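Everything numeric here is computed off the predicted structure, so don't read it as measured data. All chains are named by letter (A, B, ...) in the order of the sequence lines, taking the proteins before the strands, and each is independently numbered beginning at 1.
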Amino acid sequence: MGSLNTEKMVSELCSLFSRYGYDQFNMSKFEEYDLYARNKNFLVSDNIITFTDTNGKLMALKPDVTLSIAKNSRVKPGQTEKVYYYENVYRVSEGSGSFAEIPQLGVECIGDVGSYDILEVMKLAADSLSLLSSDYVLGICHLGIVSSVIESTGIGQGYYGDIYTAVSEKNAHALDALEESSGVSLDAVRFLIRSYGDPKTVISSLRSLSLSGCGDVLCEIEEITSVLEESGHEGKIVLDFSEINDFKYYNGFVFRGYISGIMSGVLSGGQYDQLLLRLGKKDASSIGFAVYLDSLQRLAENDAGYDVDTLLVYEEGTPAGVVCRACAELLKKSESVRAVRTVPDKAVARKTVRIDKCGRII
Amino acid sequence: MMDGYLNIALPKGRLGEKVYSAFEAAGFECPSIKENNRKLIFENPDKKVRYFWVKPSDVAIYVERGAADVGVAGKDILLEYEPDVYELADLKTGICRMCVAAKNDFRDRPSKTLRVATKFSNIAKKYYASTGRDIDIIHLNGSIEIAPILDLSDVIVDIVETGTTLRENDLKVIEEIVPISARLICNKSSFRFKSAQIEKIAENIKVN
């Protein structure tokens, strides 16, 4: 029952993406290993299944979809490619520690991405969350603000990595040691760590910092977050600069979606122009997100406490037609019926119905 | 558990008991926890708070996986396992240092591959990578101090509090890697949905 519900969720999400004009992207299972070797930092892990193809090339079973979509994209001014994908990737599973086939669902918008395209992808992320649950939050960060705040302190670039880590962990006390060793005050970064929550409140407090070059970015954040709230997500949009992800690949907006009861983010994404640059796509921009289907499975599992709605137990020798008619009758009132001759050891049913050889309930 | 309770994982032992008193003072009391029994889970329905005692090195796992919203873990565990959690406060208790220690008569020969015995393989690897030193890591689970004495390793990377254990085994600290203390951590998703309670803890918790 768990996997059936996940399929239903996937189907609803794909439908949502199609309605906004996103095409389904289909891809082959294999990619040249070189693509991943050159972009290791973008991947969650550098464990990749490889094999040598018949032509002697080192190939990989795909650990990621975004890199393939980005690599194959063609940039034309004023145009974007809008795709969604539902593909299996091959990665080391956190739970088992060995390779597993992991389904991944996501959306990418690549090309000459404009401000509406950015809003659209973030709206699709918020709409996806609301399709899955009524208790959700979309946490949004803008890396332009984070980098402006860090630069405004005047601290040496050698400290940037540690500061980004502190911000991503909401670890204000880690800044004490960095201040001591650099001799530079990091109060602005502490202010940033404390600035999270309702977008209007956070934006107005950030304006009070008067960061240079951030006026336009703050207006953009204001516009996007207010449109998102007005379009059915009021109270569900949160600004939080700890949602940094990886600052080496992402720029601009980075976001993560949460559902109450699910231990980690259910979806995450952002603008990843830097990745496109690394792939040699000049003047290209992009934004997208991935949905973590394995965490969604937990949502599906929460629904029922049983494997099947009704267990139909029939006697040995009961004609097949009698059992068939009994099933059909029960399916008018039950969600699911499993017909068995003996009660199975493990299956849990909401109720059990027994019939005699004539189909009468006993 | 989605029942509106705040779930708090405490490390079993002296540190956990000290930290519980701080939670109590911050307004998250749970009197039943002081009953002398072998229970591991305690609830206070009035304050909607639930505590559980957990092996210290497991607190971070409970918090990362959301079984606990909030927990207290040593910085050594956080640096070693790098769980994806928020680190909201330094409780400034359980203070010690992560150090490199060796026999009193140890003489380092930089051209040699250094044999390092430790419970903290990740911390040791990262530290020596930052110094550009080649090392051979010997992962042990306890009584690390005897490794250099038996010539299993040249040095050890371990937590040092007073230094008494080292001295009694004719070992000394040769380098300090990083100071360690207990930290308040929380699950990132829990922070989104229970931020008022979690903020209250982070702001008010003070360990004596």
Say whether, by atom type as modelled, one donor and one acceptor occur between the side chain of B:Ser189 and the main chain of A:Ile262 under 3.5 angstrom.
yes
Using 0.5 Å steps for rounding, measure from the CD atom of A:Glu169 to the CD atom of B:Glu87.
5.5 Å
For A:Val137 and B:Phe193 the tightest heavy-atom approach is CG2-CE2, 3.7 Å
Identify which part of B:Val85 has an atom lying under 4.5 Å from any heavy atom of chain A, answering side chain, backbone, both or neither.
backbone
Under a 3.5 Å distance rule, please check whether B:Asn187 uses its side chain to pair with a backbone N or O of A:Ser264 as donor and acceptor.
no
CZ/B:Arg65: more than 12 non-hydrogen atoms of other groups inside 6.0 Å
no
In terms of heavy-atom pairs under 4.5 Å with chain A, which of B:Asp69, B:Asp90, B:Ile185 leads?
B:Asp90
Residues, nucleotides or ligands: over 12 heavy atoms within 6.0 Å of B:Tyr51 OH
yes
Interface moiety of B:Glu199 toward chain A, non-hydrogen atoms closer than 4.5 Å:
side chain
Would you say the side chain of B:Lys188 lies within less than 4.5 Å of the side chain of A:Tyr258, judging by non-hydrogen atoms?
yes
Residues of residues 170-197 of chain A with any heavy atom under 4.5 Å of a heavy atom in chain B
A:Lys170, A:Asn171, A:His173, A:Tyr196
Select all residues of residues 227-245 of chain A having any heavy atom within less than 4.5 Å of some heavy atom of chain B, and report them by number, or 'none'.
A:Val238, A:Asp240, A:Ser242, A:Glu243
